[in-house]
Amino acid sequence: MAARVLLIGIASLVGLIAGKTNESETGVRLGAEPPLEAVAIRGRFFSLPCGPPAPGTSIFWFKDGKPIKEDNRISVTTNGSLVFSKVVHKKKGATDSGLYRCLVQNKYGALLSRPSRLIIPVLSHEFRTSPESAEVSEGDVARLTCYIDSTPPASITWLKDSQPLPQNKRFTSFDSGTLYIYNVKQEDAGSYTCEAKNPYVKKTPLSKTGIINVKEGSSTKLAHFLPNSPPSTLTVKVGKVAFLICAVSGLPKPTLSWVHTKQDGNNVTLQTMNYGLNIIKFNKIQVQNSGVYICTATQTAKEKTYIINKKVTVSVETPPQIIEKPKSEVYPAAKTVRIDCEVKGHPLPEVIWYKDGVQLYINGRIKKNPKQLVLGAAVTQDTGVYQCFAGDVWAAARIVVNSRPDQPQPPANLTCIPLSSTQIRLSWTPTQSGVVQAYSVHYFPTEGGEEYKEVAPNNTYTVQKLQPYTNYTFYIRSYGTSASEQSHRVICSTGETVPSGGPLVNVTVTGSQCLLVSWSPPPTTKARGTITSYKVQWKRVNQSSVNFELLPAHINQYRIAGLESGERYMIRVLAATSLGWPEFPDAQAWINVTLPPTSINFPPPSISTSSINLTSLRVDWNYNYPQNIDGFVLTYRKVRGGNEGNISIPANATSHIISGLDSSSWYDISLKAYAGKMYGEDCSVTVLVGGDGSLPPPILTEAAPLSPATIRVSWKPPPHSSVFLYTLELESRGKILRTLVTNKTEVELNDLNGDTVYETRVRAHGYQNKTSSYSIKLECRTPPYVINVVNDVKCQPINSSVVLVTWTPLQVPAVHSYNVFYSRDLAAPINLWHSKSVQVNESSVRLTGLKSNTKYVLTMRGVGTSGPGPLSPNVYFILSSTSDTNLPPEPHQPNANKNSDQFLGILVGCGISIIFIIVCSGSLLYRRRCLKNSAQPSQHEMTALTHLQGTKCQPGGSGRDGREEMSLLNETEMSNLDTTLGSLG
């Protein structure tokens with residue numbers, strides 16, 4: 001070990017002297033790397049080079065970041081090359097195209113090659129863009145474009161009247177598939193077509209034909225830029241060929257000039273053309289060609305001069321370069337390791353770090369800045385080969401971290417147990433050697449994120465405040481005189497909880513009476529668990545109740561029908577996990593949409609559905625419009641795929657049964673009228689097949705709160721059905737509270753709780769034991785009860801330390817208790833006052849342990865299910881040291897030693913009284929000698945002293961809080977009392 005460290009140290013010193021990193025310093029040699037880009041022909045043999053490997057070296061290959069599994073078609077040869085016996089590429093299946101890298105590994109570490117993109121040539125059968133026909137004035141400029149999907153890009157040849165373009169300088173074509181013709185002449189009229197060629201593909205597809213008609217150019221046409229001529233930005237790699245094209249249509253012909261504003265701010269006029277096309281060509285564009293270019297078109301027409309211009313920002317990209325390479329070094333444990341890697345290029349490339357071929361997560365003790373990778377508190381596990389990649393260039397160094405002799409052993413047998421959605425408990429076996437003072441607990445999100453560290457005094461620890469439903473990686477280190485190595489790592493996932501956010505929702509208006517609601521699942525950070533169901537909610541603006549439908553997790557769309565045309569509606573979708581719905585669903589925004597007015601010709605029928613059996617569905621509809629129609633078209637399609645069915649129905653029909661459907665599946669059903677070849681508007685509705693109804697459900701259900709204890713539910717009978725009874729269910733929090741049977745279409749539900757969400761639904765009962773499925777559920781929240789101010793709050797002193805507080809009870813069902821607050825600090829906020837809770841059936845309370853001769857302030861309030869009510873007006877009181885009333889004492893249990901306790905109290909009291917008399921007599925004699933000329937007490941002092949006797953509370957003025965106050969004494973009396981008490985003190 002010592003010899004190895006010495007050798008690495010010498011190699012590091014050589015690297016420092018040389019000022020660069022040699023590949024041999026890492027102890028791993030990569031050899032030949034695969035090319036940056038390679039073309040493989042489908043169905044043929046192909047290989048990517050890597051290596052050859054040195055003795056003791058293994059080579060592994062990766063595609064798009066995932067290890068490649070060898071099989072009969074793909075294998076790694078002994079020289080390290082990746083071999084394809086037959087290249088595969090399918091449009092909607094397996095393909096060998098992608099990003100490939102090889103990894104060379106030995107006992108010192110591993111090196112990863114630069115990425116190599118494997119391209120499989122493809123040429124589309126049809127052009128995505130074909131030339132468009134146009135009419136061009138003689139002498140003007142014409143622009144034609146075409147585009148075809150091809151890998152690598154196809155070369156485009158233009159044909160005029162099925163022949164190659166004439167050899168004429170007025171025709172200019174570009175590889176992008178754009179053709180310009182300036183100073184157009186009559187002979188340029190004809191048909192223009194594109195021909196695409198890919199050197200690896202045999203076919204040569206042709207585009208559609210565009211016709212150019214040339215008209216006389218005698219009339220004046222104001223100048224304007226042709227599309228994308230020039231573009232607003234142009235980005236080119238340094239050394240490549242580039243074109244700046246300025247094409248302006250107009251008659252008379254405008255004069256075009258290019259001006260270059262360089263990076264230093266100087267303007268240079270490049271070239272001027274007196275016809276509608278001005279092209280600048282850069283054979284090998286350089287960095288100094290970057291900047292802003294302005295094409296100005298000047299046109300003189302009818303003795304007026306018109307000037308228009310367009311700006312182009314040209315950016316020249318330079319390849320990444322590493323100007324400061326990492327160097328191999330040896331470090332002791334617990335030191336900070338800094339590995340250099342400074343890069344340049346335009347745009348400045350991002351540096352990505354790898355250790356032994358695996359990308360590093362930059363978090364916690366591993367940090368990076370634009371020039372370095374920093375490893376804080378290094379451990380021996382940090383030993384390895386580090387690579388910095390900037391685009392497709394890289395540099396590497398080997399870092400060795402040696403352990404210290406006083407280093408304790410790392411903890412063993414680390415285990416983790418999830419406790420909740422935010423807590424995980426860890427336990428481990430303590431270190432057997434060395435003195436351990438504490439442990440550090442390290443953890444970070446397994447999928448990437450910041451690393452955190454906490455201190456544990458013993459071998460168990462609960463990590464709290466974690467993100468729900470997230471994988472975390474944990475490891476422990478022991479701390480004595482130094483830090484240990486890391487323990488082995490464990491991964492645990494926190495438990496589920498309810499979602500904190502909803503899906504991403506899109507609402508599409510599909511008709512005057514219907515909507516399509518579609519959504520994608522909420523992101524993992526907001527789902528906080530596996531989504532089990534969705535709730536689609538909708539209502540009219542200002543509607544007190546909410547319609548909703550529960551859908552399974554695999555459904556991601558729902559169609560709502562039977563809405564009112566021209567109305568504004570609010571829609572949202574909630575997601576639930578196994579633990580329920582979001583805690584604060586009202587925080588999720590609604591989507592507002594306005595439906596258009598009903599179509600004049602063939603408006604949509606009003607439809608309702610009911611399940612006949614597990615596989616059959618009955619569709620009923622109303623169509624009360626005067627237009628003559630030939631019939632209806634009924635369409636049904638399974639929501640999650642499946643074939644679409646269309647049924648033609650006579651005009652006089654009002655119902656139809658669809659059979660052969662999949663049980664317990666969701667279908668979209670739509671119906672539209674037609675006359676001849678004209679079809680009317682339709683509205684689709686999403687329904688579940690396999691219900692228990694043979695009648696359509698009631699329609700137009702509404703629920704409105706009338707008070708905190710009452711909800712009114714109303715509905716309309718199902719169309720085309722004889723109904724004599726209805727069943728209504730009332731539900732809250734997943735529990736059915738009531739089931740009512742009625743022959744009316746309106747019911748008031750009483751004795752409910754305030755500020756509570758209730759769900760209602762109705763089903764119909766007809767003759768011959770026919771029943772419907774339940775209607776769409778409605779959610780309705782009752783308003784909270786209003787808790788009033790507690791009135792008639794009074795306080796009556798009982799003795800020098802007890803006061804009795806009384807009040808008039810509140811007559812509100814939702815009140816369950818009272819809070820009484822009191823304090824000696826009149827300026828203190830209410831949250832710092834003493835408080836006492838009293839049951840709702842009480843109307844008085846005794847406050848004990850108070851101090852005599854002290855001013856107190858008191859207030860109270862009622863507390864209900866919806867929260868606390870307002871505070872009552874302040875009441876002030878003072879207990880004198882002689883306060884006593886004839887109120888009965890608080891009830892207590894009889895005492896067997898009552899007589900002996902009373903006798904003992906009398907003896908103690910007499911003794912204290914005698915001592916007090918002796919002390920007072922001596923004090924008075926002394927004061928008379930020293931204060932013979934002292935003034936007698938004033939009349940107001942004597943008056944104030946008389947007020948120390950206990951009295952009942954009287955109303956006072958306005959308090960500090962702006963509330964009406966109660967006071968035992970008026971303001972003048974309180975001032976006199978304070979002065980007297982001060983003199984006595």
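In this structure a side-chain-to-backbone donor-acceptor pair under 3.5 Å is present from K368 to V351. A side-chain donor-acceptor contact under 3.5 Å links S487 to the backbone of I476. Here the side chain of S421 pairs no donor or acceptor atom with the backbone of G495 at under 3.5 angstrom. For the pair D382 (side chain) and L375 (backbone), a donor-acceptor distance under 3.5 Å is absent. A donor-acceptor pair under 3.5 Å links the side-chain atoms of T532 to the main chain of A576, judged by distance alone. A distance-only check finds no donor-acceptor pair linking the side chain of Q423 to the backbone of P418 [under 3.5 Å]. Using modelled atom types, no side-chain atom of T235 and backbone atom of S315 make a donor-acceptor pair closer than 3.5 Å. Side chain of N106 to backbone of G27: a donor-acceptor contact under 3.5 angstrom is found. Although no hydrogens or angles enter the test, the distance criterion places a donor-acceptor pair under 3.5 Å between the side chain of H488 and the main chain of L414. Within the 3.5 Å criterion, the main-chain N or O of L123 finds a donor-acceptor partner in the side chain of K203.
Surrounding CZ of R365 are more than 12 heavy atoms belonging to other residues, nucleotides or ligands, all under 6.0 Å away. Within a 6.0 Å radius of CZ in R338, no more than 12 heavy atoms belonging to other residues, nucleotides or ligands are found. The local environment of CD in E126 is sparse, with at most 12 non-hydrogen atoms from other residues, nucleotides or ligands closer than 6.0 Å. Within a 6.0 Å sphere centred on OH of Y331, heavy atoms belonging to other residues, nucleotides or ligands number more than 12. Residue K63 qualifies as enclosed at atom NZ: its count of foreign heavy atoms under 6.0 Å is above 12. Atom NE2 of H125 has 12 or fewer neighbouring heavy atoms from other residues, nucleotides or ligands inside a 6.0 Å radius. Atom CG of N369 sits in a crowded spot, with more than 12 heavy atoms from other residues, nucleotides or ligands closer than 6.0 Å. Atom CZ of R117 has 12 or fewer neighbouring heavy atoms from other residues, nucleotides or ligands inside a 6.0 Å radius.
Using modelled atom types and a 3.5 Å distance limit, the side chains of T26 and Y386 yield no donor-acceptor pair. No side-chain donor from either of S47 and S81 sits under 3.5 Å from a side-chain acceptor of the other. Under 3.5 Å, the side chains of H89 and T95 contain a donor-acceptor pair of N or O atoms. Counted by atom type alone, S403 and T380 present zero donor-acceptor pairs between their side chains at under 3.5 Å. Donor-acceptor pairing under 3.5 Å is recorded for the side chains of N413 and T429. Between the side chains of Y475 and E451, at least one donor N or O lies within less than 3.5 Å of an accepting N or O. Side-chain atoms of Q467 and Y472 include no donor-acceptor pair closer than 3.5 Å.
Of all heavy-atom pairs spanning T151 and N198, the tightest one is O-ND2, 3.2 Å. Minimum heavy-atom separation, S484 to P410: OG-CA, 3.6 Å. Looking at every heavy atom in both residues, P205 comes nearest to I148 through CG-CD1, 3.6 Å. In plain terms, the two heavy atoms of G177 and I156 that are nearest each other are CA-CG1, 4.2 Å. Of all heavy-atom pairs spanning G357 and L112, the tightest one is O-CD2, 4.0 Å.
In summary, R128 and D149 engage in a salt bridge, as defined by a charged side-chain N under 4.0 Å from a carboxylate O. Classification of D668 and R637 as a salt-bridged pair holds, one side-chain N sitting under 4.0 Å from a carboxylate O.
Separating the SG atom in C50 from the CG atom in L82 is a distance of 9.5 Å, to the nearest 0.5 Å. With values rounded to the nearest 0.5 angstrom, W519 atom CH2 is found 5.0 Å from L551 atom CG. Atoms NZ and CD, on K240 and E317 in that order, are 11.5 Å from each other to the nearest 0.5 Å. To the nearest 0.5 angstrom, K465 atom NZ is 9.5 Å from E454 atom CD. Taking OH of Y354 as the reference point, atom CD of Q387 lies at 8.5 Å (rounded to 0.5 Å). We find the CD-OH distance between E496 and Y469 to be 5.5 Å, quoted to the nearest 0.5 Å.
Ring centroids of F127 and Y147 are separated by 6.0 Å or more, keeping the two rings apart.
The cationic atom of K638 (NZ for Lys, CZ for Arg) does not lie both less than 6.0 Å from the six-membered ring centre of W666 and within 45° of the ring axis.
Ring geometry, F389 versus W394: the interplanar angle falls from 30° to 60°, so the pair is classed tilted.
Residues meeting the side-chain hydrogen bond (donor to acceptor under 3.5 Å, both in side chains) test with N556, sequence neighbours left out: none.
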Please report the C-alpha distance between T415 and S427 in whole Å, then the side-chain angles of each, then the deciding distance to 0.1 Å, and finally whether the side chain to side chain donor-acceptor pair (under 3.5 Å) criterion is met.
CA-CA 6 Å; T415 59; S427 61; 2.8 Å; yes
Could you go through the side-chain contact (heavy atoms from CB on, under 4.5 Å) check for I399 and I339 one step at a time?
CA-CA 9 Å; I399 301 299; I339 310 173; 3.7 Å; yes
Start with the C-alpha distance between R477 and H442, add both sets of side-chain angles, then the distance that settles side-chain contact (heavy atoms from CB on, under 4.5 Å), and finish with yes or no.
CA-CA 8 Å; R477 298 181 72 180; H442 303 256; 3.7 Å; yes
Take F46 and L118 through the test side-chain contact (heavy atoms from CB on, under 4.5 Å) and record every step on the way to the result.
CA-CA 10 Å; F46 186 77; L118 182 61; 3.4 Å; yes
Pair T422-T494, side-chain contact (heavy atoms from CB on, under 4.5 Å): steps then yes or no
CA-CA 6 Å; T422 59; T494 49; 6.0 Å; no
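For residues 332-381, the set of pairs meeting the disulfide bond (SG atoms under 2.5 Å apart) definition, not counting sequence neighbours, comprises C341-C388.
Residues P34 and S113 meet the side-chain proximity criterion, which asks for heavy atoms closer than 4.5 Å.
A side chain to side chain contact (heavy atoms under 4.5 Å, CB included) with R73 holds for exactly one of V88, V83, V87; it is V88.
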